[in-house]
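Reading through the structure tokens given below for one structure.
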Amino acid sequence: MTGGLLGGLRTALSSWRGRMIEIKTPAQLDAMRAAGLVVASALAGVAAAARPGVSTAELDELAEQTIRDAGAVPSFKGYHGFPASICASVNEQIVHGIPSRSQVLAEGDLISVDCGAILDDWHGDSAVTLYVGAVTDAERALSDATKAAMEAGIAAVAPGARLTDVSHAIENSIHASAKAHGREYGIVREYGGHGIGSAMHMEPFLPNYGKPGKGPRLRTGMAIAIEPMLTLGVEETVELEDGWTVVTADGSRAAHWEHTVAVTDDGPWVLTAPE
Ligand code: MG
Ligand code: MG
């Protein structure tokens, strides 16, 4: 373990095969919880506002205002040139949808909203999938399966567990939901979870599938964003010409849920859960 100065924050680092994983102190996790609550509040506002006739640009403005009113900064805005404070991914869009005045929500849309905020130099990152009015049973099942997979991943977070124990728990949950729902879900493979703390995207990368018992051991003070993405069709994805929006290759609908989770001696601490 070595000391490091990252983003003006003195943090400890745990080395795993040359990759440095940040270890937070209890006080630093408290600060991450404060950032996480800002994200939770922004997403709650967006969830309450998402209805037919509302544009995704309006949802973005609402999220940005909530974040700035809390004294925080939207982490997505300007991230590698991303132009907004949320990703708004509607229907066949999986992740990284760019909010737009011309994308007006309609009855039956399924939208995932991803949001990140920085408060006192610490990051929170979370996503929800929302129904605009009534959606089909298949779409509800899709979102339920995605959320259950995230929760299974969270439940696998413990000091001493290996990173891919979390991946395996996510994949097992997806298969269990598919069986229970009598459907097949596509597990998006190109994208996954990540370490988080003094930056949004840090080591380690967390796949949403795979065998258990591999990767670094989780240690108290680590934090990871757990974010499964599922489709009602194939797992293949396509990035649109805007350089951001990721859609399903077959046009099927997708869902995405995410929480930022800390490893503690008492088990997982969901830093982006609403109060
Ligand atoms: Mg996110
Ligand atoms: Mg994330």
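Only this structure's heavy atoms are used, side chains among them; waters, hydrogens and symmetry mates stay out. Both ligands and their constituent atoms are indexed starting at 1 by order of listing. Sequential numbering from 1 along the given sequence is applied to the chain's residues.
- Taking backbone and side-chain atoms together, His194 has an N/O/S atom less than 2.8 Å away from the Mg ion (ligand 2).
- In terms of modelled atom types and a separation under 3.5 Å, the side chain of His194 and the main chain of Met200 share a donor-acceptor contact.
- The number of protein N, O or S atoms lying under 2.8 Å from the Mg ion (ligand 1) is 4.
- Applying the salt bridge (Lys or Arg N to Asp or Glu O under 4.0 Å) test to pairs two or more places apart or on separate chains, none has a residue in residues 141-158.
- Judged as a side chain to side chain contact (heavy atoms under 4.5 Å, CB included), and not counting sequence neighbours, the contacts of Ala148 are Ser173, Ser177.
- A ring-ring contact (aromatic ring centres under 6.0 Å, His included) check over residues 33-79, counting only residues at least two apart or in different chains, returns the pairs Tyr79-His201.
- Taking the six-membered ring for Trp and the full ring otherwise, the centers of His96 and Tyr191 sit less than 6.0 Å from each other.
- A 6.0 Å sphere centred on CZ of Arg19 holds no more than 12 heavy atoms belonging to other residues, nucleotides or ligands.
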